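Computed from heavy atoms alone, side chains included, the values below leave out hydrogens, waters and symmetry copies. Numbers here are sequence positions counted from 1. Counting starts at 1 for both ligands and their atoms, in listed order. Every value quoted in this text rests on a predicted model; they were computed, and no experiment measured them.
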Amino acid sequence: MIFLVGPSGSGKDSLIDAARERLAAAGVEIARRVITRSAEAKGEAAHGVTPEQFETLRVQGAFAMHWHANGLDYGIPRQVDDWLAEGRAVLVNGSRAYLAEARQRYPGLLAVLVQVRPQVLRQRLVARGRETAEEVEQRLARSARLQALPDPSVHLLDNSTTLEAAVSALFGVLRDEGVLPQV
Ligand SMILES: Nc1ncnc2c1ncn2[C@@H]1O[C@H](COP(=O)(O)OP(=O)(O)O)[C@@H](O)[C@H]1O
Ligand SMILES: O=P(O)(O)OC[C@H]1O[C@H](OP(=O)(O)OP(=O)(O)O)[C@H](O)[C@@H]1O
C-alpha cells in the first residue's frame, strides 16, 4: 500500500497521471477515488457521486478506507484489498489527516509526502481554478496545520520543480523501499 499524501495543490493527481503508464508497466495498481465532487471537476481522475450515493456505498461496504476533508467525502474502493491479496502494489491518493488510521489498517504502508514551497502551492491552487478564493485559503490553512505533524517514517518528495523530476523521485522511493526492483 503506497499512500501518497500532501497538501491540496501539491500535485498528487498530476504526479499520478504523469507516472500512470510507467506505474502500470511496473505492475503498480492505482486506486480510483470516489469523491462527493462533481464528475466534471477539473483534473480529477475520480468517480464523482452525491453525498447520498456515497453514504449508500459506505453502508454497503464498498470502501476499504474513507475520510472527510475539505467539505468532501473521499472513498477508496474495496478492490484495493483484492489487489493487495494478489500481492500487487497499490497506489492511493491519500490524506495526511487519515495517515495514522491508514497505517493501522495496512501496517506495511509506505507513506510518501508530496511537498512544494508554500508560495508555489498558493500559485498552483489559484492557477488550477477549481476552488473559490475562500476554499483556496481554507486549504492553505489546513496544510499549515497538518504541516506541524512531522513523521520520520514518511518519505518526502519535492514537486516544486518539474513533474518529470517528481516522477523520477517517486520511482526512486519505490525502488529504495523494495516495491520495485533496483535497475
Ligand atoms: N511540477 C509541476 N509544475 C507545474 N505545475 C504543476 C506541477 N505539479 C502540479 N502542477 C499543477 O498544480 C495544480 C495542482 O496539482 P494537482 O495535481 O491538482 O494537486 P493535488 O492533486 O495534490 O491537489 C494543477 O493545476 C497542476 O497542473
Ligand atoms: O488530510 P489532507 O492531506 O489535507 O487531505 C485531505 C484530502 O484533500 C486532498 O484532496 P483534494 O480534495 O484536495 O483533492 P486533490 O487531491 O485533487 O487536491 C487529499 O487528496 C485528501 O483526499
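- Here T161 has backbone heavy atoms under 4.0 Å from ligand 1, and that is the only part of it that gets that close.
- Judged by the shortest distance from any of its heavy atoms, P7 lies outside the 4.0 Å radius around the atoms of ligand 2.
- Within ligand 1, counting atoms from 1 as listed, the ones closer than 4.0 Å to a heavy atom of T162 are 1 (N).
- Relative to atom 3 (O) of ligand 2, the option among R96, R139, R128, R145 with the closest non-hydrogen atom is R96.
- For the ligand labelled ligand 1, residue P7 lies inside the 4.0 Å heavy-atom shell.
- Atom numbering of ligand 2 starts at 1 in the shown order; those under 4.0 Å from a heavy atom of L146 are 1 (O), 2 (P), 4 (O).
- Using a 4.0 angstrom heavy-atom cutoff, S8 counts as in contact with ligand 1.
- Interface atoms of ligand 2 facing S8, defined by a heavy-atom separation under 4.0 Å, are 13 (O), 18 (O).
- The shortest N/O to N/O separation between G9 and ligand 1 falls below 3.5 Å.
- For ligand 2, the atoms sitting less than 4.0 Å from at least one non-hydrogen atom of N93 are 16 (O), 20 (O), numbered in the order shown with element in parentheses.
- For atom 19 (C) of ligand 2, the candidate residues are S95, G11, G94, A69; the nearest heavy-atom contact is made by G94.
- The closest approach between a heavy atom of Y98 and any atom of ligand 2 is not below 4.0 Å.
- Nearest-residue assignment for atom 15 (P) of ligand 2 (options R142, E135, R130, H68; heavy-atom criterion): R130.
- Ligand 1 lies nowhere less than 4.0 angstrom from a heavy atom belonging to G6.
- The closest approach between a heavy atom of D13 and any atom of ligand 2 is below 4.0 Å.
- Those atoms of ligand 2 with a heavy atom of A97 less than 4.0 angstrom away are 1 (O).
- Between H66 and F54, the two ring planes are perpendicular [angle over 60°; tilted spans 30° to 60°].
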